[in-house]
Amino acid sequence: MAEQVFTEDDVMNDSQSRLADYIAMVIVFLMGIGAVMVFSAGANLAYEFDLKRFYEFPALRQIMFFPLAVVVLLVTSCIEYQWFRLRDRWWKSPSLWLVFVSVVLLGVVLIPQLGTQINQARRWLRLTVGPVSISFQPSELAKWAMVFGLAAVCARSGPSVRRYWTWFIPLCLVIGLICGLIVVEDFGTAAFIAMIGFVILIIAGVRWWHVLTLVPFAAGGLVAGLVHSPHRIKRLLAFLRPEEWPDVVYQANQSLIAIGSGGLWGKGLGEGISKYGHLPEDTTDFIFAIVGEELGLIGTMGVIGLFILFVGLGLAVVTRCRDRFGRLLAAGIVLTIGIQAALNIGVVTVVLPTKGIPLPFISSGGTSMLLSAAAVGVLLNIASQIDSSDSVVWGDADRDSDA
């Protein structure tokens, strides 16, 4: 019998394959939890399910989006991540086209005749196909377009990204354009995208003092955004002095009641009562409160643990990848999902002011789930192609003396 010999490369390839598999399993598990919890939160007395109008019910829609998102995850994991790299001819670069399309859609959604207003905010484009009405949120596409676009440009520019006027400022203007179009209707998402953009720039190697020069402009934009919408000021004041604004903090209080009433083990799946009109946005931004009520502390810690595990596995991909573009793109994907999850959980637990940021893969919403699944699919492709034989260390090729 011939003896099978395993080389070092075989061991490395197997390790990389397992890393991608672990990430995929964590994400599929999170999406499965999301489908179950959204169905539980949506299965209340306010709805009478009619399978002929399947798509009209958020709980049933999420069940449909779950397997579709798994397919998207698998398909995008087969796409060579280098395809998104910035090319010599910019019009052949998919990442830049994503940015361009997202900017156009962000402008279109602000047109009253085209954009759909929900909860006093015009954030959706609605497309009617026969009896089915499909909504799409351009800000979700803009978020991921910015991650891919910045990673591509920063990887191509190399050390030149540290040049203030020729690279840093133009990139900041693009971030400002995207956030400026979003902040008109969605202050929280705009602030989140701006934060992620600057995090990617810092990882790419821009100088700290470059970022600090934008603080006065960021502060001015924050003040302008608050003054433009008085309800934002009310939310901030209510967060600081909740006893003086009982009507504004109603949702936050109901969220704490739901989480606290779940105790250690929860009331049981489907047994929660907050979904019966007590907690607004129970299937979207505040789904984590339903998890706490029905699955208890064990359930919430399990969800948090899965996100921590995803971030840990994702950072393992970042540290092992020797390709600058792959590193920046993987870091952007991991940090976007991880920070968004932390912000949502912070809002639901009233550690942060109330803002409409969904919990990735768990909150109801097809746009967010499908685009996030596509981004993680690209991360899986990066994980499967880590070249451990290259000895280039992070930053070795990125040192530059430019001011």
Margin query: Enumerate the side-chain hydrogen bond (donor to acceptor under 3.5 Å, both in side chains) contacts for residues 145-156, please, sequence neighbours excluded, ordered by first and then second residue.
Written below: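 Residue pairs passing side-chain hydrogen bond (donor to acceptor under 3.5 Å, both in side chains), neighbours aside: D88-R156.
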Item checked: Residue pairs involving residues 246-258 (criterion side-chain hydrogen bond (donor to acceptor under 3.5 Å, both in side chains); sequence neighbours excluded) ->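 Non-adjacent pairs meeting side-chain hydrogen bond (donor to acceptor under 3.5 Å, both in side chains): zero.
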Who are the side chain to side chain donor-acceptor pair (under 3.5 Å) partners of [X], not counting sequence neighbours?
| X | value |
| --- | --- |
| T213 | Y164 |
| Q340 | K143 |
| T284 | E281 |
| R235 | none |

Side chains of [X] and [Y], heavy atoms from C-beta outward: is any pair under 4.5 Å?
| X | Y | answer |
| --- | --- | --- |
| M64 | L68 | no |
| V303 | M37 | no |
| L171 | V161 | yes |

Applying side-chain contact (heavy atoms from CB on, under 4.5 Å), name anything that partners [X], two or more places apart in sequence or on another chain.
| X | value |
| --- | --- |
| I79 | T76, W83, F84 |
| I202 | V206, W208, V211 |
| A316 | L19 |

Check: Applying ring-ring contact (aromatic ring centres under 6.0 Å, His included), which residue pairs with at least one partner in residues 299-333 are found, sequence neighbours left out?
Finding: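 Residue pairs with at least one partner in residues 299-333: there are none.
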Next item on the list: Quick one: which residue pairs count as a salt bridge (Lys or Arg N to Asp or Glu O under 4.0 Å) with a foot in residues 257-271, not counting sequence neighbours?
Entry: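 Applying salt bridge (Lys or Arg N to Asp or Glu O under 4.0 Å) to every pair that reaches into residues 257-271, excluding sequence neighbours, yields K267-E293.
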Residues 100-112 side chain polar contacts: donor-acceptor under 3.5 Å, at least two apart:
from	atom 1	to	atom 2	distance (Å)
S102	OG	L98	O	3.1
S102	OG	V99	O	2.7

Next item on the list: Using a cut-off of 6.0 Å, state whether more than 12 heavy atoms not belonging to F29 lie near its atom CZ.
Entry: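 12 or below, so no.
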Item checked: Working for side chain to side chain contact (heavy atoms under 4.5 Å, CB included), residues L86 and S95 -> CA-CA 7 Å; L86 188 64; S95 295; over 6 Å; no
Check: Looking just at side-chain N and O atoms, do D323 and Q385 make a donor-acceptor pair shorter than 3.5 Å?
Finding: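 There is no such pair (donor and acceptor under 3.5 Å, judged by atom type) between the side chains of D323 and Q385.
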